[in-house]
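As structure tokens, the structure follows; a few thoughts come after it.
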Amino acid sequence: ETGVTQTPRHLVMGMTNKKSLKCEQHLGHNAMYWYKQSAKKPLELMFVYNFKEQTENNSVPSRFSPECPNSSHLFLHLHTLQPEDSALYLCASSQDGSGSGTDTQYFGPGTRLTVL
Amino acid sequence: GEDVEQSLFLSVREGDSSVINCTYTDSSSTYLYWYKQEPGAGLQLLTYIFSNMDMKQDQRLTVLLNKKDKHLSLRIADTQTGDSAIYFCAERGYGNNRLAFGKGNQVVVIP
């Protein structure tokens, strides 16, 4: 596997379910990100982890709970979601998250989430 | 705050050139990026430009940056059907790992 992978690619869940999204990067990066992509809206940054520590939470509701056990893996735990949470959830990684140099972000293919 | 604007739709014939435009508001932007998103896929980095450059060419792609007007464009030469996608510009300030994205510009290539 190369690059950034995400599983599952598609997920349908009810509002009372609990599920988790997984992201793995094989680039040796130290920063990982969760984004939400909704129709007709710009990408919204949700969380940033740098060297396993959360450095940014962009006012995300507590029904979204991130976890970063190591620099290669990032999870997004979901519980009691709302239909408006249906979106494409994208994971990205970058070298060190410092914003210095190019620190280019590389994206995974996303998980298409539908909340019924 | 950061704000990135893009027009929404462009239709182009195969073999022609296509130009996608983007404007941004953050004058402290240091890096500006172009990403491509094909249907059902994530964002693929196409190219980026540092703010002290006016132009960058990478094979069929030419990026032009007008820092005074905060205007960024992406020109795709000899557009192919595989170029049909949504193109996002994004900007980032120095020492800031936040990317501000535009809403994207859908390019449809007509054979």
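Below, chain A is the first sequence line, B the second, and so on; all start at residue 1. Side chains are part of it too, since the values below use all heavy atoms of this structure and drop only hydrogens, waters and symmetry mates.
- Between the side chain of A:Arg9 and the backbone N or O of B:Gly40 there is at least one donor-acceptor pair closer than 3.5 Å.
- Using a 4.5 Å cut-off between heavy atoms, A:Glu44 makes no contact with chain B at all.
- The hydrophobic clustering, which links ILVMFWY residues whose side-chain heavy atoms are closer than 4.5 Å, places B:Met53 and B:Leu46 together.
- Interface summary for chain B: among A:Val48, A:Thr55, A:Leu45, A:Leu43, the most heavy-atom pairs under 4.5 angstrom belong to A:Leu43.
- Side-chain contact between B:Leu99 and A:Tyr35 is present, with heavy atoms from C-beta onward closer than 4.5 Å.
- Neither the backbone nor the side chain of A:Gln6 comes within contact range of chain B; no heavy atom of the residue lies under 4.5 Å from a heavy atom of that chain.
- Taking 4.5 Å as the limit, every side-chain heavy atom of A:Thr104 sits out of range of all side-chain heavy atoms of B:Arg92.
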side-chain contact (heavy atoms from CB on, under 4.5 Å) between B:Gln44 and A:Tyr106, intermediate numbers included: CA-CA 7 Å; B:Gln44 173 195 352; A:Tyr106 294 87; over 6 Å; no
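- A:Val60 and A:Phe75 fall into different hydrophobic clusters, where Ile, Leu, Val, Met, Phe, Trp and Tyr side chains are chained together by heavy-atom contacts under 4.5 Å.
- Between chain B and the residues A:Lys41, A:Glu56, A:His10, the most heavy-atom pairs under 4.5 angstrom are made by A:Glu56.
- Residues A:Tyr49 and A:Leu78 share a single hydrophobic cluster, defined by chaining ILVMFWY side chains whose heavy atoms lie under 4.5 Å apart.
- Tracing side-chain contacts under 4.5 Å through hydrophobic residues (I, L, V, M, F, W, Y), one reaches A:Met15 starting from A:Tyr89; they form part of the same cluster.
- Heavy-atom distances place both the backbone and the side chain of B:Leu43 under 4.5 Å from chain A.
- Considering CD of B:Gln37 and CZ of A:Phe107, their distance stands at 9.5 Å, rounded to 0.5 Å.
- Cluster membership for B:Leu32 and B:Phe50, using ILVMFWY side-chain heavy atoms within less than 4.5 angstrom, is shared.
- Side chains of B:Phe88 and A:Gln37 form a contact here, defined as non-hydrogen atoms less than 4.5 Å apart.
- With a 4.5 Å cut-off on non-hydrogen atoms, B:Glu38 does not touch chain A at all.
- With a threshold of 4.5 angstrom between heavy atoms, A:Leu90 approaches chain B through side-chain atoms but not through N, CA, C or O.
- Atom CD of A:Glu84 has more than 12 neighbouring heavy atoms from other residues, nucleotides or ligands inside a 6.0 Å radius.
- Around NZ of B:Lys56, the count of heavy atoms belonging to other residues, nucleotides or ligands within 6.0 Å exceeds 12.
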